[in-house]
Amino acid sequence: MEETKKRVFSGIQPTGVFTLGNYSTVRHWPKLQDECDCIYSIVDQHAITVRQTPADLRRQTREMAALLIACGIDPARSILFIQSHVPAHAQLSWVLGCFCPFGDLTRMHQFKEKSAKHPEDINGGLLTYPILMAADILLYQTDEVPVGDDQRQHVELARDIAQRFNGVYGDVFTVPAPRISKTAARVMSLQEPTKKMSKSDANENAVVRMLDEPDVILRKFKRAVTDSEGTIRAATDKPGVTNLMSIYGVCTGKTFGQIEAEFAGQGYGVFKQAVAESVIDALRPVQEEYKRLLADKAYLDGVLKDGAARADAIAQRVLARVYKKVGFLQI
Ligand code: ATP
Ligand code: LTN
């Protein structure tokens, strides 16, 4: 009998070069490829909920594919594709929107944050973003969704939608669960350590990018906001130092206890230098592989084309079932 592997789906927006925060989450994805059936999508339709420059979006989409492969996503074992290449995402999104209460959308943290950040453009897409995300997930009968902690609420909404739909039409969708690695620390901004480090942050000093050169990384860590206490320990009233500790933990695998012991009696200068070096070492192999891949556009495009065809075949079947269930006439 054929063994049925768990289906895993996750997405990432091509909104810029990805950060150490994204890396903290994405580096867990390749490990799932052996035990699970993995599908990873570059979600360009989600990206336009915030205004993008078309040429940049195109370039960043291909760059994101190269970065994901450089991080270890293997196109032979996983499906890697661009969301807008599979029309069923937008199609299912419409249907699912009719199964999602308006109030659930307005209480999403990300909607509140992004509408505060872009008060001049609080568009419908920003509000319905989680419905499209639910469509991404449910189209593939996903069991688990590996994401950072900031996306938990969205995955829970996808669960609610699946359950509501199943409640009306029978077991159509697999009910997905978030898979949040305990070691996928939520990396915070280096300048405002109570806010998450975000790709689209306008303050470059706040963000360490995957493709930053070593001297840039060092400079950003030297400027990182800490506090006046001068001891290296994790505490809620020390968000800057705690964030640096978790970054050091991501790059070295050390626990907070080990880090506190290692830097007992030392100052922030020494600690910041060590954190920067650990990041530089962790990123170096990914950067090298990325540069190699980006030079081979034909290979990347081939991977994305093949990925879209494989994703589309799965998505079409699920969409057809949904259309039938809700009563769309098939001729
Ligand atoms: P944007 O700034 O455009 O909103 P983002 O940096 O939040 O983007 P996404 O593309 O939305 O990045 O997220 C990709 C993945 O990275 C998600 O699984 C998300 O949970 C994770 N992630 C994003 N930021 C962080 C962070 N600071 N720490 C840990 N994981 C993160
Ligand atoms: N909303 C996610 C990106 C995303 C996603 C998904 C993640 C879009 N669709 C489906 C998991 C599953 C984010 O902002 N990180």
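Read the numbers this way: they start at 1 and go in the same order the structure lists the ligands and their atoms. Keep in mind it's a predicted model, so treat the numbers as computed, not measured. Residue indices begin at 1 and follow the sequence shown.
A donor-acceptor distance shorter than 3.5 angstrom exists from the side chain of Lys238 to the backbone of Thr231, with no hydrogens or angles considered.
Note: no N/O pair closer than 3.5 Å links Ser10 and ligand 1 by distance alone. Annotation: Ser10 places no N or O atom under 3.5 Å from an N or O atom of ligand 2; distance criterion only. For Met188, no nitrogen or oxygen atom sits less than 3.5 Å from a nitrogen or oxygen atom of ligand 1, counting backbone and side chain alike. The distance criterion of under 3.5 Å between nitrogen or oxygen atoms is met by Lys196 with respect to ligand 1. Between Tyr129 and ligand 2, at least one pair of N/O atoms sits closer than 3.5 Å. At least one N or O atom of Met197 sits closer than 3.5 Å to an N or O atom of ligand 1. The shortest N or O to N or O distance between Thr25 and ligand 1 is below 3.5 Å. At a 3.5 angstrom cut-off on N or O pairs, Asp150 does not count as close to ligand 2.
Between Lys114 and ligand 1 there is a heavy-atom distance shorter than 4.0 Å.
Considering all non-hydrogen atoms of both residues, Val241 and Phe271 come closest at O-CE2, 4.4 Å.
Using a 4.0 Å cut-off between charged side-chain N and carboxylate O, Glu144 and Arg7 make no salt bridge. Comment: Arg233 engages Glu229 in a salt bridge, judged by a side-chain N to carboxylate O separation of less than 4.0 angstrom. Comment: Lys195 does not engage Glu113 in a salt bridge, judged by the lack of any side-chain N to carboxylate O separation of less than 4.0 angstrom.
Of all atoms in ligand 1, numbered sequentially from 1 with element shown, those under 4.0 Å from a heavy atom of Ile12 are 10 (O), 14 (C). Less than 4.0 angstrom separates some heavy atom of Arg186 from each of these atoms of ligand 1: 28 (N), 29 (C). For ligand 2, the atoms lying closer than 4.0 Å to a non-hydrogen atom of Gln13 are 14 (O). Heavy-atom proximity to Val145, at under 4.0 Å, picks out these atoms of ligand 2: 11 (C), 12 (C). Remark: ligand 2 atoms within the under-4.0 Å shell around heavy atoms of His46 are 8 (C), 9 (N). Ligand 2 places these atoms under 4.0 Å from at least one heavy atom of Val147: 7 (C), 11 (C). Close contacts between ligand 1 and Thr15 involve ligand atoms 3 (O) [criterion: under 4.0 Å to a heavy atom]. With ligand atoms numbered from 1 in the order given, ligand 2 contributes 8 (C), 9 (N) to contacts under 4.0 Å with heavy atoms of Val43. The ligand atoms of ligand 1 that sit less than 4.0 angstrom from a heavy atom of Gln151 are 20 (O).
For atom 10 (C) of ligand 2, the nearest protein heavy atom (residue, atom name, distance) is Phe9 CE2, 3.5 Å. Nearest to atom 9 (N) of ligand 2 among the protein's heavy atoms is Asp136 OD2, 2.7 Å. Here the protein heavy atom with the shortest distance to atom 3 (C) of ligand 2 is Gly11 O, 3.5 Å.
For His89 and Tyr140, the distance between ring centers is under 6.0 angstrom. Taking the six-membered ring for Trp, Tyr248 and Phe263 have ring centres closer than 6.0 Å.
Glu262 and Gln258 are not linked by any side-chain donor-acceptor pair at a separation below 3.5 angstrom, with hydrogens and angles left out of the test. In the model, Ser84 has a side-chain atom that pairs as donor or acceptor with a side-chain atom of Asp44 under 3.5 Å. With 3.5 Å as the limit, one finds no donor-acceptor pair spanning the side chains of Ser41 and Gln83. Remark: the Thr15 side chain and the Lys199 side chain contain an N/O donor-acceptor pair separated by less than 3.5 Å.
Residue contacts with ligand 2 for Leu132 are absent, since no atom lies close enough (heavy atoms, distance under 4.0 Å).
Of the candidates Gly148, Gly21, Pro178, Ser198, Gly21 brings a heavy atom nearest to atom 31 (C) of ligand 1. Evaluated by nearest non-hydrogen atom to atom 20 (O) of ligand 1, the leading choice among Asp150, Val26, Val147 is Asp150.
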> Step by step, would you call Tyr23 with His28 a ring-ring contact (aromatic ring centres under 6.0 Å, His included)?
Replying inline: CA-CA 9 Å; Tyr23 177 68; His28 294 283; 9.1 Å; no
>> Applying side chain to side chain donor-acceptor pair (under 3.5 Å) to Gln153 and Gln110, what does each step give before you reach the verdict?
In response: CA-CA 9 Å; Gln153 201 186 27; Gln110 185 172 298; over 6 Å; no
